Engineer: 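Pasting in a structure now, in structure tokens, and then I'll have a few things to ask.
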Amino acid sequence: PRLLQRTFTLFATDHALLVLGPALNRLLAAAAPQVSLRVLPSVADDWTQLRDGMADLSICLPGAFPPEFRTQLLFHEKFVCVMRRGHPLARKRLTLARYLAADHVVVAPLGRPSQVDQILEARGQSRRIRHVVPYFATALHLTATSDHLLTVSESAARAMSRMLPIVLREPPVHLARYGVHLLWHPRLDNEPANQWMRGLILQAARQTAKTGVSANRKPRKVE
């Protein structure tokens, strides 16, 4: 790896970059100083570019890609509700009624309905959505500077909590945990450089989980 001169093209949301980016950058600089990453925004059919050789890897959720594709679980994620420090609800119990009465920011990298709204719709309920944005960092910044609520991946919220005045709360509805995966085309299974990069990304995920940034802890107030 120290002699490798190559640019890897990777599909990822800014969620993946917020959570894994710092650890991956450190590992990459130490192991392969001449290797670069080119990150493209996630799209619903990014697997087609992996198949066609236009990209190397994708960090994604399990989806509608052909069954021959290979995947590796990187980490499990859960949802938290985020609000600005000093929000009127910050010192109250976040009930479903209070949650539904608030204004909301929604992050939708692929433009799909959120799990929250699917669950609420099945119960005959809805929330008042004021902004739908494609980026996690943008959604968290809007939330930190308004009275809007954001229901988002815990690890992304914790990654930004060092820089933004936010507090984290358990959502008032049950939201299932989900896995974030690495995706690649089977022809690259034994390609040495791709195999090495997959291992490095997995190592970054494990290091991140150990430091507590990943979604493995009970939400707490972030001061």
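Here the structure is a predicted model, which means the values were calculated and not measured.
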Engineer: How far apart are the C-alpha atoms of Gln207 and Leu27, what are their side-chain angles, what is the distance that settles it, and do they pass the side chain to side chain contact (heavy atoms under 4.5 Å, CB included) test?
Structural biologist: CA-CA 10 Å; Gln207 286 190 7; Leu27 291 169; 3.5 Å; yes
Engineer: Has Arg91 got a side-chain atom pairing as donor or acceptor with Leu89's backbone, closer than 3.5 angstrom?
Structural biologist: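 Between the backbone of Leu89 and the side chain of Arg91 there is no qualifying donor-acceptor contact (under 3.5 Å).
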Engineer: Rounded to the nearest 0.5 Å, what separation is found between the CE atom of Met83 and the CG atom of Leu168?
Structural biologist: 9.0 Å
Engineer: Report the C-alpha separation of Thr7 and Val35 in whole Å, then their side-chain angles, then the decisive distance to 0.1 Å, and conclude whether the side chain to side chain contact (heavy atoms under 4.5 Å, CB included) test is met.
Structural biologist: CA-CA 6 Å; Thr7 296; Val35 167; over 6 Å; no
Engineer: Does Gln115 reach the main-chain N or O of Leu175 with its side chain, forming a donor-acceptor pair under 3.5 Å?
Structural biologist: no
Engineer: Within the supplied structure, the quantity of interest is the number of heavy atoms (other residues, nucleotides, ligands) at a distance under 6.0 Å from Met54 CE; does it exceed 12?
Structural biologist: no
Engineer: For the backbone of Val180 and the side chain of Glu77, can you confirm whether one donor and one acceptor N or O come within less than 3.5 Å of each other?
Structural biologist: no
Engineer: I'd like to check Met197 versus Leu28 (side-chain heavy atoms, cut-off strictly below 4.5 Å). Are they in contact?
Structural biologist: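 Of all side-chain heavy-atom pairs linking Leu28 with Met197, at least one is under 4.5 Å.
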Engineer: If I take atom CG from residue Leu57 and atom CG from residue Leu188, how far apart are they, to the nearest 0.5 angstrom?
Structural biologist: 7.5 Å
Engineer: So do the side chains of Gln125 and Val173 get within less than 4.5 Å of each other, counting heavy atoms only?
Structural biologist: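 When only atoms from C-beta onward are counted, Val173 and Gln125 do not touch, as no gap falls below 4.5 Å.
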Engineer: Tell me the closest heavy-atom pair linking Ile59 and Ala16, and the distance in Å.
Structural biologist: CG2-CB, 3.7 Å
Engineer: Supply the atom-to-atom distance Asn190 CG to Gln195 CD, rounded to the nearest 0.5 angstrom.
Structural biologist: 5.5 Å
Engineer: What's the shortest heavy-atom distance between Ala205 and Leu20, and which atoms?
Structural biologist: CA-CD2, 3.5 Å
Engineer: Side chain to side chain donor-acceptor pair (under 3.5 Å) with Ser42: which residues, sequence neighbours excluded?
Structural biologist: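 Side chain to side chain donor-acceptor pair (under 3.5 Å) check on Ser42 returns nothing, list empty.
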Engineer: Give, for atom CD of Glu68 and atom CZ of Arg51, the distance between the pair rounded to the nearest 0.5 Å.
Structural biologist: 9.0 Å
Engineer: Between Ile166 and Ala144, which heavy-atom pair has the shortest distance, and what is it?
Structural biologist: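 Shortest heavy-atom contact: CG2-CB, 3.8 Å.
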Engineer: Has His104 got a side-chain atom pairing as donor or acceptor with Arg128's backbone, closer than 3.5 angstrom?
Structural biologist: no
Engineer: Do Thr145 and Arg84 have side chains that get closer than 4.5 Å, going by heavy atoms?
Structural biologist: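 In short, these two side chains do not touch, never coming nearer than 4.5 Å.
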Engineer: Using 30° and 60° as the class limits, which term best fits the ring planes of Phe75 and His15: parallel, tilted or perpendicular?
Structural biologist: perpendicular
Engineer: Which pair of heavy atoms, one from Val82 and one from Thr143, lies closest together, and at what distance?
Structural biologist: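 So the two residues come closest at O-CG2, 3.4 Å.
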Engineer: Is the OH atom of Tyr178 crowded by more than 12 outside heavy atoms at less than 6.0 Å?
Structural biologist: yes
Engineer: Determine, stepwise, if the pair Ile119 / His174 fulfils side chain to side chain contact (heavy atoms under 4.5 Å, CB included).
Structural biologist: CA-CA 9 Å; Ile119 291 173; His174 175 72; over 6 Å; no
Engineer: If you count heavy atoms of other groups shown closer than 6.0 angstrom to NE2 of His141, is the number above 12?
Structural biologist: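 Result for NE2/His141: open.
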Engineer: Within a radius of less than 6.0 Å around CZ of Arg206, do more than 12 heavy atoms belonging to other residues, nucleotides or ligands occur?
Structural biologist: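 12 or below, so no.
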Engineer: Give the C-alpha distance, both sets of side-chain angles, the deciding distance and a yes or no for side chain to side chain contact (heavy atoms under 4.5 Å, CB included) between Leu4 and Gln34.
Structural biologist: CA-CA 6 Å; Leu4 182 62; Gln34 300 182 84; over 6 Å; no
Engineer: Any heavy-atom pair between the side chains of Asp189 and Trp184 that's under 4.5 Å?
Structural biologist: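 Touching, per the 4.5 Å side-chain cut-off.
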Engineer: Do the non-hydrogen side-chain atoms of Trp47 and Pro66 ever get within less than 4.5 Å of each other?
Structural biologist: yes
Engineer: Find the distance between CD1 (Ile201) and CG (Leu182) and round it off to the nearest 0.5 Å.
Structural biologist: 5.0 Å
Engineer: Using side-chain heavy atoms (C-beta onward) and a distance below 4.5 Å, is Arg127 in contact with Val106?
Structural biologist: yes
Engineer: Rounded to the nearest 0.5 Å, what separates atom CG in Leu61 from atom OG1 in Thr13?
Structural biologist: 7.5 Å
Engineer: Just by distance, do the side chain of Arg2 and the backbone of Ala30 share a donor-acceptor pair under 3.5 Å?
Structural biologist: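 Yes; at least one donor-acceptor contact below 3.5 Å.
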Engineer: Is the side chain of Asp103 donor-acceptor paired with the backbone N or O of Arg130 at a distance under 3.5 Å, no angle test?
Structural biologist: no
Engineer: Can you find a pair of side-chain heavy atoms, one from Met160 and one from Phe136, that are under 4.5 Å apart?
Structural biologist: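 No, every pair of side-chain atoms sits at 4.5 Å or beyond.
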Engineer: Any side-chain heavy-atom pair from Thr151 and Val80 closer than 4.5 angstrom?
Structural biologist: no
Engineer: Would you please indicate yes or no on a ring centroid separation below 6.0 angstrom for Phe69 and His185?
Structural biologist: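 For His185 and Phe69, the ring centres are under 6.0 Å apart.
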Engineer: Mind listing the closest non-hydrogen atom pair of Ser58 and Leu10 along with its distance?
Structural biologist: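 Taking every non-hydrogen atom into account, N-CD1, 4.0 Å.
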Engineer: The criterion is side chain to side chain contact (heavy atoms under 4.5 Å, CB included); which residues satisfy it with Gln118, sequence neighbours excluded?
Structural biologist: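 Side chain to side chain contact (heavy atoms under 4.5 Å, CB included) check on Gln118 returns Pro113.
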Engineer: Over all heavy atoms of both residues, which pair between Ala23 and Thr208 is shortest? Give the atoms and the distance, please.
Structural biologist: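 Here Ala23 and Thr208 meet closest at CB-OG1, 3.7 Å.
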Engineer: With distance as the sole test, does Arg158 use its side chain to make a donor-acceptor pair with the main-chain N or O of Ser153 at under 3.5 Å?
Structural biologist: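 No: the side chain of Arg158 does not pair with the backbone of Ser153.
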Engineer: Under the criterion side-chain hydrogen bond (donor to acceptor under 3.5 Å, both in side chains), which of Arg198, Gln49, Arg6 is the partner of Asp56?
Structural biologist: Arg6
